[in-house]
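Everything below concerns the one structure shown next.
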Amino acid sequence: MDVLEIATIAILGGVLIALAGIFTDANTRKQKIKLKAIEKEVELEKLRLETYTMETEKMRLELEHSKVLLLEEKQNSTK
């Protein structure tokens with residue numbers, strides 16, 4: 001091997017290492033973005049569940065209130 005071949009191999013090696021670093025960095029950033037998106041989805045799902053639970057409790061209380069009113073009305077009408 002002469003000096004030109006060694007220099008060419010060294011340059012190509014350096015370029016390949018640099019490209020590998022760029023691709024690795026891009027992949028790492030992409031994975032971080034995906035992770036943040038998943039974390040946001042989990043947070044949104046928790047809020048949806050909390051809202052659903054609150055609405056269910058509100059409906060249960062309204063139903064219980066209606067039931068009490070109907071029973072009172074029934075008792076008043078039988079007197």
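For the single chain, residues carry numbers from 1 onward in sequence order.
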Apply side chain to side chain contact (heavy atoms under 4.5 Å, CB included) to [X] and list each qualifying residue two or more places apart in sequence or on a separate chain.
X	value
Glu41	none
Leu4	Asp2, Thr8
Glu73	none
Lys40	Glu43

Glu72 side chain reached by Val68 side chain, heavy atoms, under 4.5 Å
yes

Between the OG1 atom in Thr53 and the CZ atom in Arg48, the distance rounded to the nearest 0.5 Å is 14.0 Å

Give every donor-acceptor pair under 3.5 Å between a side-chain atom in residues 55-65 and any protein atom, sequence neighbours left out.
| unit_1 | atom_1 | unit_2 | atom_2 | d |
| --- | --- | --- | --- | --- |
| Thr56 | OG1 | Tyr52 | O | 2.8 |
| Glu57 | OE1 | Arg60 | NE | 3.2 |
| Glu57 | OE2 | Arg60 | NH2 | 2.7 |

Return a table of donor-acceptor pairs under 3.5 angstrom between the side chains of residues 9-29 and protein atoms on other chains or two or more places apart.
| unit_1 | atom_1 | unit_2 | atom_2 | d |
| --- | --- | --- | --- | --- |
| Thr24 | OG1 | Ala20 | O | 2.7 |
| Asp25 | OD2 | Arg29 | NE | 3.3 |
| Asp25 | OD2 | Arg29 | NH2 | 3.3 |
| Thr28 | OG1 | Thr24 | O | 2.9 |

